[in-house]
Peer 1: 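Take a look at the following structure, please.
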Amino acid sequence: MKEVKIETVFQVYKTISETPEDIQKLMIRAVEARQKAYAPYSKFHVGVALLLDNNEVVSGSNQENASYPSGLCAERTAIYYAGAQYPKARILKMAITAASQLKTTSEPIPPCGACRQAIAEYELRQKSPIEIYFMGEKGKVVKSESLSNLLPLIFDSSQL
Ligand code: THU
């Protein structure tokens, strides 16, 4: 038996104003998307904006359903829309923001496990990393250079 240690690296910005200008703009688009979330059940609103290599910005928000599992997270709404609309474009950057109607969300909100798996597929498909920035409603912004930092021991099509 041997032990395997996996390390991961993130960058943490104190506030959004510390991030590069293009990220500030992308996060504004994510906030706009967040305001369009349909989240009457959880009251937890998530917005995502993607910068594509064709210079388009695609955004998405969480869309809930009375049959709870039928809803979809903001991240997957956005990447599936990008995949459907611009199948040849690569996703360069992703900005994520979340805000609850029930309390102030000041901690960075990372994508859920299912969204990490979905984003991983897109990263592998396009053969280049997706920079991911995530935050709450205010406060710190976490940057990951690639989805792979967020999902060690990834399951992918090579294992099928
Ligand atoms: N949600 C997202 O949109 N993205 C995530 O990564 C975490 C969770 C949504 C799903 C649901 O509408 C609400 O947040 C509460 O889980």
Side-chain angles (χ1 to χ4, degrees), residues 6 8-13 15-16 19 22-52 56-86 89-126 128-157:
I6 301 175
T8 192
V9 180
F10 303 100
Q11 288 75 39
V12 183
Y13 298 91
T15 63
I16 185 68
T19 65
D22 65 330
I23 299 307
Q24 295 185 32
K25 284 189 184 148
L26 199 62
M27 198 55 90
I28 288 170
R29 298 291 294 267
V31 170
E32 287 167 1
R34 195 185 77 202
Q35 286 158 353
K36 295 179 193 155
Y38 176 62
Y41 306 106
S42 71
K43 307 204 182 306
F44 191 74
H45 295 214
V46 187
V48 170
L50 308 174
L51 175 66
L52 309 184
E56 293 285 343
V57 173
V58 165
S59 63
S61 56
N62 52 328
Q63 300 294 316
E64 296 187 348
N65 193 281
S67 171
Y68 293 0
S70 302
L72 195 64
C73 291
E75 292 86 339
R76 278 175 286 164
T77 303
I79 62 168
Y80 292 157
Y81 182 76
Q85 204 70 18
Y86 304 105
R90 285 182 308 140
I91 302 168
L92 302 178
K93 299 175 190 201
M94 170 182 275
I96 306 169
T97 171
S100 170
Q101 285 181 295
L102 308 176
K103 60 173 188 176
T104 305
T105 305
S106 38
E107 282 306 307
I109 305 295
C112 77
C115 287
R116 293 180 206 197
Q117 180 68 29
I119 300 163
E121 179 89 17
Y122 276 54
E123 203 171 78
L124 290 164
R125 175 186 179 193
Q126 69 181 30
S128 62
I130 300 172
E131 270 180 34
I132 303 177
Y133 295 80
F134 53 91
M135 66 181 293
E137 193 177 346
K138 57 178 193 177
K140 282 182 278 190
V141 181
V142 175
K143 173 189 177 186
S144 173
E145 300 270 4
S146 161
L147 185 278
S148 58
N149 292 339
L150 294 174
L151 190 62
L153 299 184
I154 197 165
F155 172 78
D156 66 49
S157 60

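Counting convention: from 1, in listed order, for ligands and their atoms alike.
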Peer 1: Give the atoms of ligand 1, by number and element, whose distance to some non-hydrogen atom of Glu64 is under 4.0 Å.
Peer 2: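 Answer, ordered by atom number: 11 (C), 12 (O), 13 (C).
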Peer 1: Once you restrict to heavy atoms under 4.0 Å, what part of Gln63 touches ligand 1? Side chain, backbone, both or neither.
Peer 2: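 The answer is neither.
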Peer 1: Within a distance under 4.0 Å of any heavy atom of Ala74, pick out the atoms of ligand 1 and give their elements.
Peer 2: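 Contacts of ligand 1 toward Ala74, numbered from 1: 2 (C), 3 (O).
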Peer 1: So is there a nitrogen or oxygen of Leu72 less than 3.5 Å from a nitrogen or oxygen in ligand 1?
Peer 2: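 Not met; the criterion fails.
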Peer 1: What are the atoms of ligand 1, with element, lying closer than 4.0 Å to any heavy atom of Asn62?
Peer 2: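 Every atom of ligand 1 under 4.0 Å from some heavy atom of Asn62: 3 (O), 9 (C), 11 (C), 12 (O), 13 (C), 14 (O).
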Peer 1: Measuring from atom 8 (C) of ligand 1, which candidate in Gly71, Cys73, Pro40 has the nearest non-hydrogen atom?
Peer 2: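 Residue with the shortest heavy-atom distance to the ligand atom: Cys73.
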Peer 1: Which atoms of ligand 1 have any heavy atom of Ser42 under 4.0 Å away?
Peer 2: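 Per the distance check, 13 (C), 15 (C).
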Peer 1: With sequence neighbours left out, write down each residue that passes ring-ring contact (aromatic ring centres under 6.0 Å, His included) with Tyr86, or none if nothing qualifies.
Peer 2: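 If we apply the ring-ring contact (aromatic ring centres under 6.0 Å, His included) test to Tyr86, skipping adjacent residues, there are no hits.
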Peer 1: Using protein heavy atoms only, decide if any is under 4.0 Å from atom 6 (O) of ligand 1.
Peer 2: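 Neighbour list for atom 6 (O) of ligand 1 includes protein heavy atoms (cut-off 4.0 Å).
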Peer 1: Tell me, please: is Ala39 in heavy-atom contact with ligand 1, that is, under 4.0 Å?
Peer 2: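 No, that is not the case, since the closest heavy atom of the residue is not under 4.0 Å from the ligand.
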Peer 1: Within the 4.0 Å heavy-atom shell around Pro111, which atoms of ligand 1 are there?
Peer 2: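 Contacts of ligand 1 toward Pro111, numbered from 1: 6 (O).
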Peer 1: Show the atoms of ligand 1 that are less than 4.0 angstrom away from any heavy atom in Glu75.
Peer 2: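 Once the distances to Glu75 are compared, the set is 2 (C), 3 (O), 4 (N), 5 (C), 6 (O).
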Peer 1: Would you mind telling me which of Ile96, Val48, Val141 makes a side-chain contact (heavy atoms from CB on, under 4.5 Å) with Phe134?
Peer 2: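 So the option named by the test is Ile96.
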Peer 1: Please find the pair of heavy atoms, one from Val9 and one from Gln11, that lie closest to each other, and give the distance.
Peer 2: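 Closest heavy-atom pair between Val9 and Gln11: CG1-NE2, 3.8 Å.
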Peer 1: Taking side chain to side chain donor-acceptor pair (under 3.5 Å) as the test, write out the residues that go with Ser100, two or more places apart.
Peer 2: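 In terms of side chain to side chain donor-acceptor pair (under 3.5 Å), with neighbours along the sequence ignored, Ser100 is linked to no residue.
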Peer 1: Please indicate whether Glu131 has more than 12 foreign heavy atoms, meaning atoms of other residues, nucleotides or ligands, lying under 6.0 Å from its CD.
Peer 2: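 Yes - once you tally the heavy atoms of other residues, nucleotides and ligands closer than 6.0 Å, there are more than 12.
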